[in-house]
Amino acid sequence: QVQLVESGGGSVQAGGSLRLSCAASASTYNSNCMGWFRQAPGKEREGVAVARRGTGSTHYPDSVKGRFFISEDDAKKTLYLQMNSLKPEDTALYYCAAAPFCPPGEALDSHWYKVWGQGTQVTVSS
């Protein structure tokens, strides 16, 4: 059973916007932590947006703060990532992931996340 399916990736010029979607199975959508991660060639996977359901808090690294926004649609069991003012350094494979638990100080650490989607490519040209 496929638990997370991402969509919405593509190619965009610098300064543009994209919205990624992640459709989740019912059980996976109930995870306490759901978020978006990315991995560029030759680089480690990094968290770019996480929502912690228990507290309603969201977490972003400084590199995307104010440009990326995570949101949810409970009726559709779908997680979104709105990405604005995109930069060439945002180019990466973007993954949706879910975790039963993630501490507030480590919410963006990928090792907490046990369920992963297949990824969707985002390419930003200058």
Side-chain angles (χ1 to χ4, degrees):
Q1 179 185 4
V2 179
Q3 297 180 314
L4 294 170
V5 180
E6 302 97 334
S7 61
S11 297
V12 64
Q13 289 191 328
S17 298
L18 281 175
R19 189 178 77 157
L20 306 183
S21 300
C22 173
S25 64
S27 58
T28 301
Y29 190 76
N30 289 331
S31 300
N32 285 320
C33 302
M34 290 195 72
W36 291 92
F37 296 77
R38 68 185 181 188
Q39 188 165 20
K43 294 188 177 181
E44 293 187 357
R45 189 171 296 187
E46 65 168 334
V48 295
V50 165
R52 296 178 67 245
R53 269 73 170 282
T55 62
S57 61
T58 55
H59 303 261
Y60 304 91
D62 289 343
S63 59
V64 307
K65 200 169 291 183
R67 299 189 299 122
F68 288 15
F69 302 93
I70 191 170
S71 63
E72 306 165 0
D73 185 327
D74 291 344
K76 296 182 179 180
K77 293 183 175 50
T78 299
L79 188 73
Y80 300 99
L81 182 67
Q82 179 66 43
M83 304 186 294
N84 301 325
S85 302
L86 282 162
K87 305 175 181 180
E89 50 264 43
D90 295 320
T91 295
L93 189 60
Y94 283 70
Y95 298 91
C96 177
F101 171 74
C102 61
E106 300 179 18
L108 294 169
D109 289 348
S110 61
H111 76 272
W112 291 102
Y113 295 78
K114 308 306 179 184
V115 181
W116 292 84
Q118 82 288 352
T120 185
Q121 178 67 36
V122 172
T123 302
V124 184
S125 58
S126 57

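Nothing fancy with the numbering, it's 1 onward along the sequence. The basis for the numbers below is simple: all heavy atoms, side chains too, and nothing from hydrogens, waters or symmetry mates.
Using a 3.5 Å distance cut-off with no hydrogens or angles, the side chains of S25 and T28 do pair a donor with an acceptor. T78 and D73 share no side-chain donor-acceptor pair at under 3.5 Å. R19 and Y80 share no donor-acceptor pair across their side chains, judged by distance under 3.5 Å alone.
L93 and V64 are not part of a single hydrophobic cluster, where members link through side-chain heavy atoms under 4.5 Å apart. No single ILVMFWY cluster, assembled from side-chain heavy atoms under 4.5 Å apart, contains both F69 and L108.
The distance between the ring centers of W36 and F68 does not fall below 6.0 angstrom. Checked against the 6.0 Å centroid threshold, Y113 and F37 count as a close aromatic pair.
Taking OG of S85 as the reference point, atom CZ of R67 lies at 7.0 Å (rounded to 0.5 Å). Here the CD atom belonging to Q13 is positioned 5.0 Å from the OG atom belonging to S125, to the nearest 0.5 angstrom. Once rounded to the nearest 0.5 Å, the distance linking NE2 of H59 with NZ of K65 reads 10.0 Å. Separating the OG atom in S110 from the CZ atom in R38 is a distance of 13.5 Å, to the nearest 0.5 Å. Between the CE atom in M83 and the OG atom in S17 there is a gap of 8.5 Å [rounded to 0.5 Å].
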task = Please lay out, stage by stage, how R53 and E72 fare under the test salt bridge (Lys or Arg N to Asp or Glu O under 4.0 Å).
result = CA-CA 10 Å; R53 269 73 170 282; E72 306 165 0; 2.9 Å; yes
message = Apply side-chain contact (heavy atoms from CB on, under 4.5 Å) to residues V122 and L18 and explain how you reach the verdict.
response = CA-CA 9 Å; V122 172; L18 281 175; 3.9 Å; yes
query = Where do Y29 and L4 land on the side-chain contact (heavy atoms from CB on, under 4.5 Å) test, with the steps shown first?
reply = CA-CA 9 Å; Y29 190 76; L4 294 170; over 6 Å; no
inquiry  = Between T120 and L20, does the side-chain contact (heavy atoms from CB on, under 4.5 Å) criterion hold? Intermediate values first, please.
reply    = CA-CA 8 Å; T120 185; L20 306 183; 4.0 Å; yes
inquiry  = For a side-chain contact (heavy atoms from CB on, under 4.5 Å) check, start with the C-alpha distance between S21 and E6, then their side-chain angles and the critical distance, and finish with the verdict.
reply    = CA-CA 6 Å; S21 300; E6 302 97 334; over 6 Å; no
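Of all the heavy atoms in L81 and A49, the pair that sits closest is CD1-CB, 3.7 Å. Contact between A92 and Q121 at its shortest, heavy atoms only, is O-NE2, 3.4 Å. When all heavy atoms are compared, the tightest approach of R52 to C102 is NE-O, 3.0 Å.
Between the side chain of S31 and the main chain of C33, no donor-acceptor pair closer than 3.5 Å is present.
Side-chain contact check for V50 versus T58: every heavy-atom pair is 4.5 Å or farther apart. The shortest side-chain heavy-atom distance between Y95 and R45 falls under the 4.5 Å cut-off. Taking 4.5 Å as the limit, every side-chain heavy atom of C96 sits out of range of all side-chain heavy atoms of W116. Side-chain atoms of P103 and W112, non-hydrogen and from C-beta on, do get closer than 4.5 Å to each other. S71 has its side chain out of reach of Q82: every pair of non-hydrogen atoms, C-beta onward, lies at least 4.5 Å apart. In this structure, L79 and I70 have side chains that are in contact, with non-hydrogen atoms separated by less than 4.5 Å.
Note on D90 versus K87: no salt bridge recorded, every NZ/NE/NH1/NH2 to OD/OE distance being 4.0 Å or above.
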